[in-house]
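A short worksheet on the structure shown next.
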Amino acid sequence: MVIAIGFEGSANKLGIGIIKDGVVLSNPRRTYITPPGQGFLPRDTAKHHQDCVLEVLKEALDTAKIDTNDIDIVCYTKGPGMGAPLVSVAVVARTVAQLWKKPLLGVNHCIAHIEMGRLITGAQNPTVLYVSGGNTQVISYSQRRYRIFGETIDIAVGNCLDRFARVLKLSNNPSPGYNIEQMAKRGKKFLELPYVVKGMDVSFSGLLSFIEERANQVLESGEFTPEDLCFSLQETIFAMLIEITERAMAHCGSQEVLIVGGVGCNKRLQEMMGIMADERGAKLFATDERFCIDNGAMIAQAGSEMFRSGQTMAWEDTFCTQRYRTDEVEVTWRD
Amino acid sequence: MAAEGAAERDQMVLLKQGAEAKIYSGTFMGRPAIIKERFSKAYRHPDLDKSLTVQRTKAEVRSIMRCRMIGICTPAVYFVDMERHRIYMEHVAASITVREYIADLERSCSANHVSALRPLAEKIGATVGLMHSHNVIHGDLTTSNMLLSRLPKDGPDAGGDTLDGYRLVLIDFGLGYKEGLAEDKGVDLYVLERAFLSTHPNTEALFSVILEHYKLGYGKGAADVINKLEEIRMRGRKRTMVG
Ligand SMILES: Nc1ncnc2c1ncn2[C@@H]1O[C@H](COP(=O)(O)OP(=O)(O)OP(=O)(O)O)[C@@H](O)[C@H]1O
Ligand SMILES: [Mg+2]
């Protein structure tokens, strides 16, 4: 039996989750929301996390109804992410690990998304589309690594959505992507946007500058509505993502596809992926916002797997790192 | 159309279904042919779907033509049916993909497969270098999109530009285009590097051979592209990946 507590705060979400043998006992989360038109800055985000971390920790422990003595392992996000928020949360994980006299494990955030997706959906060996504010990767497991087959060569898909939401001054509550999704449902007219796929990689920067430059003009002329633009943006960037995922599936002969990361809770993305999977006779696995969006339980889950396979981390290695690639981690818990 | 009729009467046998195209074998005017038919993808918006299908069929034909003009082996295009998004092309006889070839070698002589693959890596590098020196970007350089075709023993093509009895043939140019910028060539190499290393783990040494011979095949100006490649790799590593 493994009971793990996970601390996550690599971006604007602070989450702490407790997992007992793959069962989520608690998973509270707080999101730092900025005014419309503004992104989140490292310092303010770190401040947000510092202000609420103890309250969230108490909530996680109370809901899980466990004795801290029973915890086997304390896990925290080692990276990748924004430096200041990462460190603000890691410091709390280090403190409780010492207080409770428990071992500490630093977890790769991307790997945690994948392991949580596998746990919740039961997918065995899926091709993974990992899409979030800072990441766009198509991943497949082989020979003890999660290998990156495709990724963005410039900005991440979530970043592209967020920056477009700023152009339209959409609310950041609960997230810019969610509000784009709602608007897109009412969009009708399709504006053709630059579509850039290179092998299994994608590029969004040209598309973003194209739509940033033209948005006001086509809106003022009445040719397109903001809803139409949200619709066209989603249709285009999601089609690019599905295309590279399908390529990777064909390449790896994969019959399962799993979507993880914050953008992964978008229903239209899931629907498009479902159609693609169907046509290939493959199966789609996706989760909802509780587990797609950054949370503490996913860190606990990946940490549990590492712990079960015998991984330990020396105290001096429990630092944070802003850059930490998915394929750097040796996956000791899978065959 | 007469040509279409000629193909119509023949049997088309589905060989492979890729992500966006079906590959049939058949004949064209009596010659054995591969028919590549792009089909519509139900997940994407119909306007986008139509435009991509047309763009890629055109791009594939144009890039194949450009490559053939500069002496790079690609299948000859026999006929294009824009209505049905079909390309009728030469059936590259007795071929396997480079991917299969590498996998076979890894199985049969795992100990020294890297040195056994050296001539192939040299050929790949030289070919991509030559292609880029003429500003042709492939767009999807993977080991699945390169064929090795066994040459008939003592045939007219034997020797010279060959690789132990094989000829390297580039295919699948749907994402191809013409561009002189080092950035686009660098990305093309980056795609190849990543495809190569993720499909064939522990072959870093081979990719260096590819790059060495890329420089030779490219000639003057190759250094700019290699520098770009380094810059593009750094971009990937430096991305902080928040969220
Ligand atoms: N001219 C040809 N001669 C012999 N075999 C071919 C020829 N063209 C394609 N093939 C075979 O079919 C396979 C797929 O061809 P191709 O790469 O053009 O399409 P695809 O990869 O299915 O398309 P997409 O990349 O859009 O999914 C090749 O790997 C090769 O085995
Ligand atoms: Mg192909």
Side-chain angles (χ1 to χ4, degrees), chain A residues 10-13 79-83 85 109-110 132-135 140 142-143 145 147-156 158-159 190 192 195 197-201 203 232 235-236 238-239 242-243 246-247 249-251 261-262 271-276 278-280 294 322-325 327, chain B residues 16-21 39-52 55-56 97 99 137-145 172 174-177 183-184 186-202 231-243:
Chain A
S10 60
N12 69 333
K13 269 77 67 181
M82 295 197 303
H109 180 88
C110 315
S132 64
N135 289 278
S140 180
S142 87
Q143 299 180 31
R145 301 264 163 187
R147 296 183 195 272
I148 303 170
F149 280 79
E151 65 184 317
T152 174
I153 54 172
D154 39 57
I155 59 172
N159 191 243
F190 182 72
E192 194 162 334
Y195 182 104
V197 166
K198 296 180 187 282
M200 282 188 249
D201 291 340
S203 154
S232 306
E235 288 301 310
T236 309
F238 292 170
I242 308 291
E243 177 171 0
E246 183 167 21
R247 287 248 170 105
M249 289 175 76
H251 196 76
E271 178 185 42
M272 290 166 75
M273 192 68 92
I275 299 171
M276 181 276 277
D278 252 9
E279 285 184 344
R280 304 188 57 80
D294 294 350
Q322 286 179 258
R323 298 178 193 105
Y324 190 10
R325 281 178 67 87
D327 49 13
Chain B
K16 263 174 203 163
Q17 168 143 12
E20 59 161 14
F39 51 85
S40 133
K41 306 295 291 178
Y43 67 77
R44 60 193 178 201
H45 190 278
D47 294 359
L48 177 61
D49 186 66
K50 181 110 192 75
S51 136
L52 288 176
Q55 267 174 40
R56 288 179 181 180
T97 65
R99 182 182 176 180
I137 311 295
H138 183 283
D140 190 12
L141 285 173
T142 65
T143 48
S144 303
N145 290 335
D172 203 2
L175 298 176
Y177 57 100
E183 167 78 20
D184 294 70
V187 170
D188 219 21
L189 282 181
Y190 182 64
V191 165
L192 174 63
E193 174 174 37
R194 301 250 323 289
F196 206 87
L197 298 182
S198 57
T199 316
H200 313 287
N202 313 316
E231 188 188 312
I232 295 158
R233 285 173 178 155
M234 286 308 290
R235 264 185 244 159
R237 272 181 229 131
K238 276 196 181 147
R239 209 174 303 120
T240 47
M241 310 198 284
V242 176

With only heavy atoms counted, which part of [X] is less than 4.5 Å from chain B, the side chain, the backbone, both or neither?
| X | answer |
| --- | --- |
| A:Glu235 | both |
| A:Phe149 | both |
| A:Glu243 | both |

Pick from [options]: which one has the most heavy-atom pairs with chain A under 4.5 Å?
| options | value |
| --- | --- |
| B:Lys41, B:Gln55, B:His138 | B:Lys41 |
| B:Arg44, B:Glu20, B:Arg194 | B:Arg194 |
| B:Thr199, B:Thr142, B:Leu141 | B:Thr199 |

Rounded distance (nearest 0.5 Å) linking atom CD1 of A:Ile148 with atom CG of B:Leu197: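 Going from the CD1 atom of A:Ile148 to the CG atom of B:Leu197 covers 12.0 Å.
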Let me confirm one number: the OH-CD distance from B:Tyr43 to A:Glu271, rounded to the nearest 0.5 Å.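 Here the interatomic distance stands at 13.5 Å.
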Where [X] and [Y] come nearest, the two heavy atoms and their spacing:
| X | Y | value |
| --- | --- | --- |
| A:Arg280 | B:Ala19 | NH1-CA, 4.4 Å |
| A:Gly199 | B:Asp140 | CA-OD1, 3.3 Å |
| B:Ser51 | A:Glu192 | OG-OE2, 2.8 Å |
| B:Ala42 | A:Glu279 | CB-OE2, 3.3 Å |
| B:Val191 | A:Asp201 | CG2-OD2, 4.0 Å |

Which bit of B:Tyr177 comes within less than 4.5 Å of chain A, counting heavy atoms only: side chain, backbone, both or neither?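 Only the side chain of B:Tyr177 comes within 4.5 Å of chain A.
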Please state whether the side chain, the backbone, both or neither of B:Leu175 comes within less than 4.5 Å of a heavy atom of chain A.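 Only the side chain of B:Leu175 comes within 4.5 Å of chain A.
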Start with the C-alpha gap between A:Lys198 and B:Ile137, add the side-chain angles, then the distance that decides, and say whether side chain to side chain contact (heavy atoms under 4.5 Å, CB included) holds. CA-CA 10 Å; A:Lys198 296 180 187 282; B:Ile137 311 295; over 6 Å; no
